[in-house]
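Here's the structure we're looking at; comments come further down.
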Amino acid sequence: MPELPEVETIKNELLFHIIGRQIVSLALPWAGIVRELTVDDFISRLSGRTILGLARRGKYLIFSLDGPEALVMHLRMTGSLLVMPGCTEAGKFVRLVIYLDNGTAIHFRDPRKFGRVWLTPDIGAVIKKLGPEPLDRDFTPQVLAERLAKRSAPIKALLFDQGFIAGVGNMYADEALHLSGIHPLRPGKSLSGEEIERLYRAIQEVLTAAITRSGASVANYYRPGGELGTAHFDFRVAHFLNGKYCAVCGAPLERIRVRSRGTYYCPACQPL
DNA sequence: ATAAGGCCCTGACCGC
DNA sequence: TGCGGTCAGGGCCTTA
C-alpha cells in the first residue's frame, strides 16, 4: 500500500508524463471519490487547466495548476495512478480518469474506494494536520526527541500517526522499529536519547532504501507504468513477507495489534 | 491536549 | 462449487 516511498515513486515517475499537459476532459466512474464538491463542479473547474507541477507532502500528491486551485489526491490503501493511452477503457476499479492533451490519460484505480481527490485553493486546509516530513533537512533527532517527550502512546502508533510524522505507515513503522531494535509497544516518552537516535536513523534508512527500490509492491501498489516496486524484498518483518523467522537472529516473529494495525516484530531483537 | 476505538470499503482467503 | 465469515488498514470521526 502506498506510503511515503510509494507516493514519492509515483510522483517521480508521473512527473514527466504530465508537466505542461492540459487536462482536456475527465470521467468519474465513481462519484464518491470527490467529497467536497459536486461532480459537475469538479469537472468544470478542472477541465482546460494545465498541470504545472507535482509535489508530495506526506502521502498526499499535489498537482499545481494554471488556476487558483490545486488538485490534491490521496491513494489511501489500494489506490494507484496509471498512465494509459487515451483510448483505453476504464477498468473495473477505475474511479477517475484524467484525459490529457497528448493522447494519454491518468487512471485512478482503487478497488476499495478509500482514495480521495480534492480541488482546492487552500492546500493547507487539506494537509494542515500533517507532522514533519521525515526526509526533510529540518527533521532532526532533536525534533523527534521533542515530539516524543510527552507522548505515552506506543511508539508504533506514533510512527504511523500522520500528525506525528508525515508519510510513515504501517509497513515502514514496523521496519524502522525492527531496524532500531525497539519494541512497538514502548511508550514514546520512554525512549532513551540513544534509542531516539537509532530510531531516527532507521526511519531515514528504511524510507530512503524503499525509494531507491521504487516502493514496495504489497497489496495493490503499482507504479504509473504498471511496473511493481521491489522494496518489499528487503523487508525484515513487515507483513511476514520474508518468512516467519527473524532474518537477523532466527527467533520466531510475533504479531500483535497496535491501534488495530497488524504489527510484526522480533521479540528477541526488540525486547520490551 | 492525547489516547483509543469504530467506520468506511471490497477483494482475498479460509473452512465447511 | 458455493457460501458465509473474517481480515486487511489510512485517515477521519467520536468518545473519554
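Order of the sequence lines fixes the chain letters, A, B, ..., with proteins taken first and strands second; residue numbering starts at 1 for each chain.
As rounded to whole Å, 16 Å separates atom C1' of dG10(C) from atom CD1 of Ile127(A). Between the P atom of dG11(C) and the CG atom of Leu130(A) lies a distance of 8 Å, rounded to the nearest Å. Rounded to an integer number of Å, the gap from Arg109(A) CZ to dC9(B) C1' is 14 Å. Between the C1' atom of dC12(C) and the NZ atom of Lys113(A) lies a distance of 19 Å, rounded to the nearest Å. At whole-Å resolution of the value, CG in Asp174(A) and C1' in dA8(C) are 14 Å apart. Rounded to an integer number of Å, the gap from CG of Asp110(A) to P of dT10(B) is 10 Å. If you take CZ of Arg112(A) and P of dG11(C), they are 14 Å apart, rounded to a whole angstrom. Look at OH on Tyr222(A): it is 12 Å from C1' on dG11(B), rounded to the nearest Å.
Residues Glu6(A) and Tyr172(A) bring a donor and an acceptor atom of their side chains to less than 3.5 Å of each other. With 3.5 Å as the limit, one finds a donor-acceptor pair spanning the side chains of Asn102(A) and Thr104(A). For the residue pair Arg116(A) and His74(A), no side-chain donor N or O sits within less than 3.5 Å of a side-chain acceptor on the partner.
Among the heavy atoms of the strands lying under 4.0 Å from Pro154(A) are primed sugar atoms or P, OP1, OP2 only; no base atom is included.
Atom CD of residue Gln142(A) and atom OH of residue Tyr200(A) lie 8.5 Å apart, to the nearest 0.5 angstrom.
When each of Lys129(A) and Thr263(A) is assigned the nucleotide of DNA chain C bearing its nearest heavy atom, the one mapping closer to the 5' terminus is Thr263(A).
Distance from the side chain of Glu3(A) is smallest to dG10(C) among dA8(C), dG10(C), dC9(B). Nearest nucleotide to the side chain of Lys92(A), out of dA8(C), dC9(B), dG11(B): dG11(B). Taking the side chain of Tyr60(A) as heavy atoms from C-beta on, and the options dA3(B), dG11(C), dT10(B), the nearest nucleotide is dG11(C).
For Arg49(A) and Asp66(A), the salt-bridge test passes: some basic side-chain N is under 4.0 Å from an acidic carboxylate O. Using a 4.0 Å cut-off between a side-chain N of Lys or Arg and a carboxylate O of Asp or Glu, Arg201(A) and Glu205(A) do not qualify as a salt bridge. A salt bridge links Asp234(A) with Arg213(A): the closest approach of a Lys/Arg side-chain nitrogen to an acidic carboxylate oxygen falls below 4.0 angstrom. A salt bridge between Lys59(A) and Glu3(A) is absent, with no side-chain N of the basic residue lying under 4.0 Å from a carboxylate O of the acidic one.
Listed in residue order, the members of residues 156-172 of chain A having a heavy atom less than 4.0 Å from DNA chain C are Gln162(A), Asn170(A).
For the pair His74(A) and dG10(C), the criterion of a side-chain N or O lying under 4.0 Å from OP1 or OP2 is not met. Contact between the side-chain N/O atoms of Thr78(A) and the OP1/OP2 oxygens of dG11(B) is not found at any separation under 4.0 Å. Look at Lys59(A) and you won't find any side-chain N or O under 4.0 angstrom from OP1 or OP2 of dG10(C).
Aromatic ring centres of His183(A) and Tyr265(A): separated by under 6.0 Å. A ring-centre distance under 6.0 Å is found for Tyr60(A) and Trp118(A).
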Produce the list of close N/O pairs, under 3.5 Å, pairing protein atoms with atoms of nucleotides 5-8 of chain B; give distances to one decimal.
none

